[in-house]
Every structure is written in structure tokens, then in C-alpha cells.
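The sequence lines fix the lettering, A, B, ..., with proteins before strands; numbering per chain opens at 1.
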Amino acid sequence: MIVTENLCKKYNKVEAIKNLNLNVRQGTVFGFVGENGAGKTTTLSILATLTLPTTGRAYIGGVEVTTDAPHVRRLIGYMPDQFGVYDDLTVKEYLAFYGTAYGVASSLIEERTKDLLQMVSLSSKEHFYVNSLSKGMQQRLGLARSLMHDPPVLILDEPASGLDPRSRIEMREIIKGLRERGKTILISSHILPELADMCDEIGIIAHGTLVACAGVEVVNARVQGQKQLFIEVLAKGNRLADHLMTRHDVTDILVADERHVEFLFSGSEEAQVDLFRDLSVHEFAIKSFREVGSSLEELFMRLTEEEHVSSLSS
Amino acid sequence: MAMPSLRIRGFWRNPLLRKELRQRMRSYRTVLALSLYLIVTGVVAFTFMYVNVQGQTLLLQPTRTAELFTFLSYLQLALISFVTPGIAAGVISGERERQTLPVLLTTPLSPWSVILTKWLTSISFLILLILMTLPLYSIVFLFGGVVPSQVLAVFVLQFITMGAIASVSVFWSTFVQRTGWSTVLSYATVAAIFIGGTVIGYLMDTVAAHAPDQTMWIDLGTAAYTINPIYMQASLETSLGFITPSFSNSLISSVFNTVQVHDLMSQPAWLIYALFHVGGSLLLLVLSAWRLRPGTFHAFQKRIVRWFIR
């Protein structure tokens with residue numbers, strides 16, 4: 001439903017996106033993750049027909065974004081990361097304005113406004129001025145606005161940014177509800193656990209490059225398959241690190257000095273018991289041992305760090 | 001292809017137009033601006049009358065009412081040139097600053113319709129301002145000396161001027177990111193046409209008085225005066241018979257002399273004025289529409305670059 005082919009965007013000499021290839025299937029929720037300045041907003045802006053790519057192509061529902069932008073605009077509902085509202089308009093008038101702008105029949109506008117306000121729990125605010133609503137309410141109103149013309153595709157740029165935890169949960173539940181209605185949703189965020197909860201697929205972008213893209217189960221499995229372990233020793237930490245590297249179930253040494261070693265371990269629970277035994281046989285003076293919580297967030301940090309290092313070295 | 005009448009009807013149904021008018025009329029600033037404008041114009045008009053007749057309304061002669069009309073119309077021209085950039089210079093940059101522009105640009109509304117609507121809603125407020133002063137002009141009718149068709153002619157000239165100033169302001173508002181800069185540039189452009197045009201015209205006249213080839217310098221001076229609304233309004237009011245050599249105000253008399261010397265009442269002068277302001281407005285609005293959507297503007301830029309390379 002959303003496809004990009006070798007999408008590139010340059011701002012003067014800065015490459016915001018480099019050969020980005022995405023494929024978001026119909027009816028799925030795709031989480032687009034990246035640090036600030038990674039290229040998320042630029043990508044979404046191109047898909048929303050607001051920015052032109054330097055090279056490459058992008059399609060929404062098979063329609064090329066740059067060559068048939070008016071058609072694309074009817075297929076998408078776009079919610080930017082930061083958006084303002086018009087003063088002196090009530091919630092109802094605000095939605096009616098966008099509904100009319102999208103060519104929704106006037107007989108349908110009333111009914112759709114009611115449905116959407118109910119969906120985003122703003123029915124009681126129908127006659128309030130939009131600038132009098134709280135930030136969370138305005139975000140929910142923004143989402144309702146992007147749905148006024150009932151588009152099959154939703155492009156949401158950090159819809160939960162700046163919201164309090166309660167509003168974030170409410171927003172997440174609304175998006176889950178939209179997935180059930182069959183909408184294709186491309187959502188960017190840096191709040192990874194939330195994305196893992198509502199997305200079918202996740203793409204991680206760093207410095208304009210897609211560094212990982214997989215189903216959320218695959219990404220979670222990849223994280224859960226490895227444990228991050230921490231060992232504190234009285235001495236010879238570096239020798240311990242060298243010894244650990246000889247084992248096939250230790251995939252990476254993250255930190256190593258004379259008193260600490262932090263590493264990634266991919267073995268089973270039995271293999272972990274074997275590891276302790278092995279270390280005591282080799283007489284390492286272990287003071288403490290613990291498992292560091294591994295998460296999607298850590299995978300993200302690791303992948304983006306790797307990309308950062310490679311971009312610096314190149 | 002849609003019939004033009006259907007397109008026009010469609011334009012009036014434009015949701016942006018209705019929203020803009022609704023928003024503008026709901027603002028307390030609108031009521032304040034309308035009241036202030038009416039108070040200023042009213043006070044000036046009545047003071048002018050009082051000074052001229054010392055309270056004896058019977059003393060007001062038709063020739064004096066023509067002067068009052070000229071005075072009022074110049075006051076209106078001055079207010080138009082001050083108020084228009086203030087209203088129109090933030091129409092697009094204001095949307096950008098409020099962060100409402102990206103969402104507006106993802107709707108199917110065409111850039112041309114967005115620009116035209118913004119331009120129209122800016123001048124609609126000014127048209128309302130001018131229409132509100134009609135009762136003041138009716139005082140002039142009351143004492144004779146001016147007929148409605150002559151007032152209409154001056155109003156048409158002022159509408160053209162207003163449209164041109166609004167186009168300049170919309171253009172800057174689209175090309176510049178900040179409303180502050182857009183307002184400064186709009187006022188600078190208006191000043192360049194009003195004051196700059198007068199200064200250039202005067203310099204050309206001075207040079208012509210001493211140069212061996214006077215024609216070229218006089219023509220250049222005529223061109224500078226022709227695009228200047230101050231002189232073209234004087235030209236119109238001279239041809240209507242309001243401004244005469246015996247006009248009491250020395251400043252307006254000197255403008256009258258320039259109009260006579262440069263023959264600004266001629267048909268070509270009017271044609272140049274209309275072409276410059278109406279054509280220029282249209283061009284600026286088209287450029288603004290191009291700039292609003294990055295695709296159209298960049299495609300145009302690329303085409304120009306390719307044309308030059310070839």
C-alpha cells in the first residue's frame with residue numbers, strides 16, 4: 001500500500017534520506033523508528049506530498065506521489081508531528097471545514113463528525129473553540145481531522161509526542177481501533193515499547209538509512225534471543241573478556257575494563273549455568289553477576305549506534 | 001471540462017473562503033479596526049468641513065465640497081496603503097507560523113484556490129472598510145459638486161490599487177517564512193511605488209531641466225509617475241474637474257501641475273497604470289501559487305535552468 005523505491009532527499013549537501021526502500025502492506029501498522037534528525041519526518045513529508053524527493057519514487061496505493069499528488073492527497077490522512085489549530089473555530093466547524101475541503105458530501109459531514117468525535121472521546125467538546133482544548137485533546141482532534149474523508153492510508157508523525165501517559169494510552173487505543181477497521185497506518189515515533197505494542201512491522205532508520213526492517217515478532221525475538229549480561233570481577237576483567245570471546249554463545253562484548261564486563265549471550269538457560277561453571281573453573285574472581293534487561297529500545301540504540309559509527313568512519 | 005460559471009460557483013463554495021470570512025468577522029480586532037477607521041475618517045471629514053465653513057453649513061460651496069471629496073479620497077488612499085499590508089502580509093506566513101499550513105496543503109484544495117482565497121478575504125475586509133465610509137461621502141453629495149458616478153470612478157481606481165498592494169503582500173507572505181519580514185517587505189514595496197516613484201519622477205524632471213536631450217528624461221519621469229497611485233488619482237480627479245489650478249491645497253496643486261506637465265490624463269497613461277497593477281497583481285499571485293506547492297515551483301525552476309543551459 002505504501003512503497004518507496006531508493007528514495008533520496010538532499011538539503012543542499014546534507015543527505016536527509018539515502019536510498020530508502022519501504023513496503024507497508026495493506027491493513028498493517030508500520031512503526032517507523034529513529035532518533036531526532038534520522039529522516040523520519042522527511043520521509044513522511046514526501047509521502048504526504050509536502051516535499052519532493054531528490055531521487056527515487058514513492059507510491060501510495062499504486063499512485064506515484066510526485067506525479068499524481070492530488071490523487072494521493074485523497075488517499076491519505078496526514079497528521080504532522082507539530083500542528084496548529086485555527087482560532088475562533090469550534091471543534092465541529094473545524095472538522096466540517098476539512099470535510100468540505102476534502103469534498104465530503106455535506107449530508108455526510110454531520111454524521112461523520114459525530115462518529116469521529118465519539119471515536120476520539122471529544123463528543124462533549126463539539127461546541128468548544130479548538131484553541132481552548134488541551135494538547136492531548138488537540139492531538140486527538142487532529143487524528144479525527146485526518147479521518148474526515150475516510151482515507152485508506154494514515155500517515156502519523158509522532159502522534160503521541162508531548163502527551164501525558166494517559167493521553168498516550170488513549171491515542172494508542174484509538175490507533176489499535178483504526179487497525180481493526182482495516183486502515184493502513186505508517187506511524188513514526190521514538191517511544192519504542194508503544195510501537196511494539198501496536199505495530200505489525202517496525203523499520204528502524206538512522207542517518208537517513210533504513211538499518212532494520214522486520215515484523216514486530218521477529219524484532220522482539222531477535223532481542224529476546226540474546227541476553228545482555230553484566231559481570232563484576234575483582235581483577236583481570238580484560239582477560240575475562242578475552243576468555244568469553246572464545247565461547248560460541250557469547251556474540252558480542254559491549255563493555256570491558258579491569259573490573260567490569262558486559263556482553264551479549266545467545267545461549268539457553270543450561271548454557272548459562274555452564275558459563276558460570278566455566279568461569280569458576282578458570283578461577284575468575286567474580287564479585288557479582290546480573291542480567292541487564294534487554295528490550296526493543298536497546299536494539300534500537302545498538303543499531304543506530306552501529307550506523308552512527310559506520311557513518312563517522314566513512 | 002467544467003463550465004466557467006460552474007467553476008465560479010464552485011469557488012464561492014470554497015470552504016477556505018467561508019472559513020476565512022467567518023474567522024475574520026469573529027475577531028474583536030475586526031470590530032476595533034472598523035471602528036477606528038470610521039472614527040478617524042469621520043473626525044477628519046467633519047474637521048475639514050468645520051474649518052472651511054466655521055460652523056456655517058450654508059457657506060459650503062460646491063467647489064469646496066469637491067476639495068473635501070479630493071481630501072477624503074486621498075485620506076482613503078493613504079489608509080488603504082497602510083492597512084492593506086498589515087492585513088495581507090500574514091495570510092500565508094501566519095499559517096506557516098501557526099503550523100496549520102502543512103495540513104492545509106495536504107487537502108485537495110489547489111494552491112491557486114488557496115492564494116486567491118487568501119487575497120480575496122484580505123481585500124474583502126478593506127472593501128468593507130471603504131463601503132463603510134460611503135455615508136461620509138453622502139455628505140459630499142448633500143452639498144453638491146460631486147455625483148455618484150465620479151465617486152465610483154475613484155473607488156474603482158482605489159480597488160485596483162488595493163488589489164495590487166494585497167498581491168504584493170500575499171507574494172511576500174508566501175516567499176518569506178516570517179510574518180514580520182513579510183510585513184516589512186510589503187511596506188517597503190508600497191513605499192518604493194508611492195515615495196520612490198515620486199522621488200524618481202522629481203529627479204528625472206530636475207535632470208531634464210538641465211540635460212540636452214530632455215525627452216528621454218521626461219519619459220522616464222512620466223513612467224515613474226504613471227505607476228504611482230498618488231498621481232493617477234490626481235489625474236482622475238483632474239479629468240473629473242475636482243482638481244483645478246485654483247485648488248487651495250499647495251501639495252495637491254503641485255501634484256496637479258505634474259499631472260498636466262506629464263499628460264497623465266492621456267489614455268496610454270491609464271493603460272500603463274492598469275496593465276502594471278492588474279498584470280503585476282496577477283503575475284505575483286501566480287508566482288505565489290507556484291511557491292506554495294514545492295512541486296510546481298521546483299519543476300518551474302528546473303525548467304528555467306534547463307532552458308538557460310540549452
**Message:** Under the rule for side chain to side chain contact (heavy atoms under 4.5 Å, CB included), what residues qualify as partners of B/Val83, not counting sequence neighbours?
**Reply:** B/Ile87, B/Leu126, B/Leu129
**Item:** Residues in side chain to side chain contact (heavy atoms under 4.5 Å, CB included) contact with A/Ala69, at least two apart in sequence or another chain
**Value:**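 Partners of A/Ala69 under the side chain to side chain contact (heavy atoms under 4.5 Å, CB included) test: A/Thr49, A/Arg73.
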**Fill in**
Whatever's closer than 4.5 Å to a heavy atom in chain B on A/Pro70 counts as neither
**Request:** Answer with side chain, backbone, both or neither: which region of A/Val72 has an atom nearer than 4.5 Å to a non-hydrogen atom of chain B?
**Result:** neither
**Request:** With sequence neighbours excluded, tell me which residues meet ring pair (Phe, Tyr, Trp, His ring centres under 6.0 Å) with A/Tyr78.
**Result:** none
**Prompt:** If you tally heavy-atom pairs under 4.5 Å against chain B, which of A/Ala101, A/Gly142, A/Gly103 wins?
**Reply:**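 Answer, by heavy-atom pair count under 4.5 Å with chain B: A/Ala101.
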**Asked** Based on non-hydrogen pairs under 4.5 Å, which of A/Tyr86, A/Phe83, A/Tyr98, A/Tyr94 is most in contact with chain B?
**Response** A/Tyr86
Would you kindly say whether [X] and [Y] are connected by a side-chain donor-acceptor distance under 3.5 Å?
X: B/Glu97; Y: B/Thr179; value: yes
X: B/Thr100; Y: B/Glu95; value: yes
X: B/Gln233; Y: B/Gln158; value: yes

**Message:** Using heavy-atom distances under 4.5 Å, tell me whether B/Leu101 contacts chain A through its side chain, its backbone, both, or neither.
**Reply:**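 Nothing of B/Leu101, per the 4.5 Å heavy-atom cut-off to chain A.
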**Prompt:** Between B/Leu109, B/Val103, B/Leu104, which shows the greatest number of heavy-atom pairs under 4.5 Å with chain A?
**Reply:**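 The answer is B/Val103.
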**Item:** Positions in residues 115-138 of chain A that reach chain B, provided some heavy atom is under 4.5 Å away
**Value:**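 Against chain B, the residues of residues 115-138 of chain A that fall inside the cut-off (heavy atoms, under 4.5 Å) are A/Tyr129.
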**Prompt:** Which heavy atom of A/Gln139 sits nearest a heavy atom of A/Glu158, and at what distance?
**Reply:** NE2-O, 4.2 Å
**Message:** Restricting to non-hydrogen atoms, name the atom on B/Phe175 and the atom on B/Leu287 that form the minimum distance, rounded to 0.1 Å.
**Reply:**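 Residues B/Phe175 and B/Leu287, closest heavy atoms: CE1-O, 3.8 Å.
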**Item:** Partner of B/Trp119 by side-chain hydrogen bond (donor to acceptor under 3.5 Å, both in side chains), out of B/Ser167, B/Ser124, B/Ser169, B/Ser281
**Value:** B/Ser167
